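Structure in structure tokens, see below.
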Amino acid sequence: MSLDEGFFARVYALVRRVPRGRVVTYGQVAAMLGVPRGARAVGWAMRALPEEMAARVPWHRVVGTGGRISPRRGPGPEIQRRRLRAEKVAFRGGCVDMTRHGMLYESFARSERASV
DNA sequence: CAAGTGACGTAGA
DNA sequence: GTCTACGCCACTT
């Protein structure tokens, strides 16, 4: 498997920096990595997140556009909601209230650039 | 190299 | 508001 390097690793490295109580969208992550339309690839990366990395990568802070929790088989979505709620993230309907918890693309991208 | 796969996003109906 | 149909991308086979 080549998941230790390449796009996936970059996705993990970025997601790892999302602060508690905040969320980012798949599209934002892709855009920040220089692939404006790679949202789907980011989803693929999250799906392939190795178990041992799950502890270091706050995957639950990655949501779909509009704060939607991407449906998939298994308890994933449920766990994700629980973890977010544990971080005091507010939900509106079934979606994360992005106006409160969504990361601003600009500031996040800027901090990333500065830290690299 | 070609085809298949999905934790996406958007436009339409 | 919901549901469908495509396009997109990285990665696998």
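Only a predicted model underlies this, so the values are computations on that prediction, with no experimental measurement involved. So that the names make sense, note that chain A is the first sequence line, chain B the second, and so on, each numbered from 1.
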Which part of the nucleic acid, if any, lies within contact of A41(A), taking any heavy atom under 4.0 Å across all strands shown: a base, the sugar-phosphate backbone alone, or nothing?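 The answer is base, as A41(A) lies within the cut-off (heavy atoms under 4.0 Å) of a base atom.
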Round to a whole Å and report the spacing from OH of Y105(A) to C1' of dG9(B).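 Computing the Y105(A):OH to dG9(B):C1' distance gives 16 Å.
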Whole angstroms only, please: what is the CG-P distance between L49(A) and dA10(C)?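 Distance, rounded to whole Å: 19 Å.
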Would you mind reporting whether Y105(A) and V24(A) have side-chain heavy atoms less than 4.5 Å apart?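 They are not in contact (no side-chain heavy atoms under 4.5 Å apart), so the answer is no.
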Under 4.0 Å from OP1 or OP2 of dC8(B): is there any side-chain N or O of T65(A) that close?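 Looking at the OP1 and OP2 atoms of dC8(B), neither is under 4.0 Å from any side-chain N or O of T65(A).
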Report yes if some heavy atom in the side chain of M98(A) is under 4.5 Å from a heavy atom in the side chain of T25(A); otherwise report no.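 Yes. Closest side-chain heavy atoms under 4.5 Å.
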Side chains of Q80(A) and V63(A): does their closest heavy-atom pair fall under 4.5 Å?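 Side-chain contact under 4.5 Å: yes.
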Using a heavy-atom cut-off of 4.0 Å across all strands, would you classify G38(A) as base, sugar-phosphate, or nothing?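 The residue G38(A) makes sugar-phosphate contact but no base contact.
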Let me know, please, whether F7(A) or R40(A) comes out on the 5' side of the other along DNA chain C by nearest nucleotide.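 Result: R40(A).
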Compare all side-chain heavy atoms of R16(A) with those of R56(A) and state whether any distance is below 4.5 angstrom.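 SC-SC contact between R16(A) and R56(A) confirmed.
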Quiz question: by atom type and distance under 3.5 Å, do the side chains of H60(A) and E87(A) form a donor-acceptor pair?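 Looking only at side-chain atoms, E87(A) and H60(A) do form a donor-acceptor pair, the distance falling under 3.5 Å.
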M32(A) CE to dC8(B) C1', straight-line distance once rounded to whole Å: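 Taking CE of M32(A) and C1' of dC8(B), I get 18 Å after rounding.
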Just how far, in rounded Å, is P of dC8(B) from CZ of R37(A)?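 Result: 18 Å.
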Residue whose closest nucleotide on DNA chain B lies nearer the 5' end, R73(A) versus R68(A):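 Closer to the 5' end of DNA chain B: R73(A).
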Among dC8(C), dG6(B), dG9(B), the one nearest W44(A) by side-chain distance: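 Within the option list, the nearest is dG6(B).
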Just call it for Y26(A): base, sugar-phosphate, or nothing, with non-hydrogen atoms closer than 4.0 Å on any strand.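 Base contact.
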Could you tell me the separation between the CZ atom of R10(A) and the P atom of dC9(C), rounded to a whole number of Å?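 These atoms are roughly 14 Å apart.
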Under the 3.5 Å rule, do the base of dG6(B) and the side chain of R47(A) count as making a donor-acceptor pair?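 Per atom types, no contact qualifies.
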For L33(A) and dC8(C), give me the distance from atom CG to atom C1', rounded to whole Å.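 Going from L33(A) (CG) to dC8(C) (C1'), I get 15 Å.
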Distance in angstrom units between R72(A) CZ and dG6(B) C1', rounded: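 Value for this atom pair: 12 Å.
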Given atom CD of Q28(A) and atom P of dT10(B), what is their separation to the nearest angstrom?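 Roughly 11 Å, once rounded to whole Å.
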